2 protein chains.
Amino acid sequence: MGKKAVTSPQGDASTVRDVAARAGVSASTVSRVLGGTYPVAKATRAKVLKAMRELDYVVNAHARALGGSTNNTVAFVVDDVTGSFYAHIARGVEEQASAEGRLCMLCTTHNDPQRVLAVVETMREQRADAVIVVGGAWDDRAYQDRMTHFAHALDRAGSRLVLVGRPPLGPGVPATVIDYDNEGGAFAMTTHLLSAGHRRVAYLGRVPGLSTSSQRISGFTRAHEMLDIEPDPKLIIDGTFSRGSGYQGMHELLASGTEFSAVFAGTDMVAAGALQALREAGVRVPEDVALAGYDDIPTAIDVYPTLTTVHVPAEELGRAAVRLALHRDEFPESQHHVLGTHIVVRDSTRRHGR
Amino acid sequence: MGKKAVTSPQGDASTVRDVAARAGVSASTVSRVLGGTYPVAKATRAKVLKAMRELDYVVNAHARALGGSTNNTVAFVVDDVTGSFYAHIARGVEEQASAEGRLCMLCTTHNDPQRVLAVVETMREQRADAVIVVGGAWDDRAYQDRMTHFAHALDRAGSRLVLVGRPPLGPGVPATVIDYDNEGGAFAMTTHLLSAGHRRVAYLGRVPGLSTSSQRISGFTRAHEMLDIEPDPKLIIDGTFSRGSGYQGMHELLASGTEFSAVFAGTDMVAAGALQALREAGVRVPEDVALAGYDDIPTAIDVYPTLTTVHVPAEELGRAAVRLALHRDEFPESQHHVLGTHIVVRDSTRRHGR
DNA sequence: ATGAAAGCGCTAACAC
DNA sequence: GTGTTAGCGCTTTCAT
């Protein structure tokens, strides 16, 4: 085969200079019509535009980002886009970023703290305007320290670290935290269950060391305390935030013979797994046991019976994250924002006949 | 408030030169240890590394992309990450991109052809190594022409347009197409329904002008023809690929009084909506009517009864898209790839008592 | 209103 | 091995 001269990897994309030559003007003039922010004679502008069209010219975003101010990019770091909850946050992030003229980089970390760190570093290289990290906050001290370090580094570079659904890194750390009322949602749901007469409510899917989980447990506990009910430790089942874990945990709970009349699942996916286990065991929901979830993902209305759950404003969480990061000078004193949650009652907790 | 000197937007991020100065070497040497691809004296390397650490240095990806070959970015353009099907493709794309050392840009287009065009243009500015577009292909001629134009432009720039789940743009157009056997899946499912004895099968959710939909209809029709059954046009219901459309379409079909014993929904989400409508109408699935979907999203096992559907290898689709785009020289003659589909039989089509 | 020139941060030739 | 030099494509003073 005939060897071609080694072509540059960018191929033969045309540059401002090419356009300038064709239009018979200087590169600066081309740049000026590109920017649009500077006076250019009508005729000249037309010539330049024509040349651009003919050459099928597009600016090189990197060259622009290099010299210039910002690269107009927002980074979104998440465990896994496949989960509905995160997908909705992602949608919010993407939409708001797009509305603010920013592009959105997506990075997934597969539940690996190491990867979170690596990815945030990469985003620093990319000079992203904001780095939005959502989900999984570990109680690991070394990890927290590294995140704190990144917060400072990004801040120094004029960028911003945003933590979504995670606890703050500490006072004085330049990071924006946007959270939702995790504890309050769990409290409300537990109260809902308790005040329906349930006295033995199981909590299915506690994830040790995960802040989100701890907060939910804490709302669960507070509701019991308020009504002077002693929660049975045997009714708190460890697991993960997955369907499989819910299925297995429910199976084991049933097999253990421990008594209970309601189950509060750590997430809707956990609830979906639990529902399957209950069905297989011939336990009717809600007649025999009531079931509730957390997150209010779309699947909550597709399961049978439809699932009572805690609604979390996922999309708004994402939207707010980029809004706060990009306009942090407009929200000076508030570094920690909390959005509300509320319970949505559906069939899985409705008493038969009512 | 005290005015600060206008700081550069990048803040005071340190550069190779800063590192060089601190380590007492030249910028090129720093660059060499950065690249790691060139011999540097052990002691020098150590000094440089130390300086980098002390300065908390990170390379500027844009400067690198500008001079250099590639910017190591893959763009993923999709209607909406919120749908499970697309989310799984996204996961495949992200994972493969990450495995190949690429970053992933996410852009959503909200079912707007104009936005697809705009977004692809932006990706051209970003000099992405590959631009992966998934979903919604419109029969609009002008739109196709523009996409063809982009394919050429990207190709000229050393990049690549990849179409996932869409028909090819035409022979000679430098684009990679990765598709799945849409028609075959629909054919297999329809055959499954027909051979179970159903003679009046409704197709719920045809989307006029959408290639994916046309292909499914065509498999549906071919199955009927093969068994010498005349499909009733009244049983083909137009709509969109959404839950709401499935719900409404099913309602109307029921209200129309048209007879049928099985429903093949355009997607699993359409099936979920249909299921709700059937339940509200007191129609039992599968006893009174059988129901099937398409895509095999996770929700298919959470609905009740569990949903018979066509499995599409979504994640692999995403992975393959990246692989093919990045190594297109290794797959010279194959521009059009088709992954297989197969039906997954669950409870929604099982005859009672069998 | 337009052109010339400098420089953003980095890499790659080319010396030494 | 390491330093010097010259750009990558664009924006932005500073002249004119």
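Residue numbers begin at 1 in each chain, while the letters A, B, ... track the order of the sequences. It should be emphasised that the depicted structure is a prediction, and the values quoted were computed from it without experimental measurement.
- Rounded to an integer number of Å, the gap from A:Leu66 CG to C:dG7 P is 14 Å.
- In this structure, the NZ atom of B:Lys47 is 10 Å from the C1' atom of D:dT2, given to the nearest Å.
- Regarding B:Lys42, its NZ atom lies at a distance of 12 Å from the P atom of D:dG1, rounded to whole Å.
- Look at CZ on B:Arg124: it is 15 Å from P on D:dG9, rounded to the nearest Å.
- Applying the side chain to side chain donor-acceptor pair (under 3.5 Å) test to B:Glu94 and every residue at least two apart in sequence or in another chain returns A:Thr108.
- Distance, A:Asn60 CG to D:dT11 P: 10 Å, rounded to whole Å.
- The minimum heavy-atom distance between A:Val177 and A:Pro168, with the atom names listed, is CG2-CA, 3.7 Å.
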Kindly indicate, with the supporting measurements, whether the criterion side chain to side chain contact (heavy atoms under 4.5 Å, CB included) is fulfilled by A:Glu121 and A:Phe150. CA-CA 8 Å; A:Glu121 181 83 4; A:Phe150 282 131; 2.9 Å; yes
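- B:Arg124 has a carboxylate O that lies under 4.0 Å from a charged side-chain N of A:Asp56, or vice versa, which qualifies the two as a salt bridge.
- With distances taken from any side-chain atom of A:Val25 to the nucleotides C:dT2, C:dG3, D:dG1, the minimum falls on C:dG3.
- Look at CZ on A:Arg45: it is 11 Å from P on C:dA1, rounded to the nearest Å.
- For the helix from C:dA1-D:dT16 to C:dC16-D:dG1, the rotation axes defined at the first and last 5 base pairs enclose an angle of 40°, given to the nearest 10°.
- Note on A:Ser28: a base of the nucleic acid sits closer than 4.0 angstrom, heavy atoms only.
- Shown here are the salt bridge (charged side-chain N to carboxylate O under 4.0 Å, His left out) partners of B:Asp79, two or more places apart in sequence or in another chain: there are none.
- For B:Thr44, the side-chain atoms get nearest to D:dG1 when compared with the rest of C:dG9, C:dA1, D:dG1.
- Looking at residues two or more places apart in sequence or on another chain, you find a side chain to side chain donor-acceptor pair (under 3.5 Å) between B:Tyr143 and B:Arg166.
- Within residues 29-36 of chain A, the residues that place at least one heavy atom under 4.0 Å from DNA chain C are, in residue-number order, A:Thr29, A:Arg32.
- Separating the CG atom of B:Asp18 from the P atom of C:dG9 is a distance of 8 Å, rounded to the nearest angstrom.
- In this structure, B:Asp129 does not pair ionically with B:Arg160, as no charged nitrogen and carboxylate oxygen lie closer than 4.0 Å.
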Anything under 3.5 Å between a donor and an acceptor, one on a side chain of residues 22-37 of chain B, the other on a protein residue two or more places apart or in another chain? List them.
residue: B:Arg22; atom: NH1; partner: B:Glu54; partner atom: OE1; Å: 2.1
residue: B:Ser26; atom: OG; partner: B:Ser28; partner atom: N; Å: 3.4
residue: B:Ser26; atom: OG; partner: B:Ser28; partner atom: OG; Å: 3.4
residue: B:Ser26; atom: OG; partner: B:Thr29; partner atom: N; Å: 3.4
residue: B:Ser26; atom: OG; partner: B:Thr29; partner atom: OG1; Å: 3.3

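- In this structure, A:Arg17 places its CZ atom 12 Å from P of D:dT11, rounding to the nearest Å.
- A close approach under 4.0 Å does occur between a side-chain nitrogen or oxygen of B:Arg64 and OP1 or OP2 of C:dT11.
- Look at B:Tyr57 and you'll find a side-chain N or O under 4.0 angstrom from OP1 or OP2 of C:dC10.
- Between A:Ser26 and the phosphate of C:dG3, there is a side-chain N or O to OP1/OP2 separation shorter than 4.0 Å.
- Shown here for A:Pro113 and A:Asn111, the closest heavy-atom pair between the two residues is CD-O, 3.5 Å.
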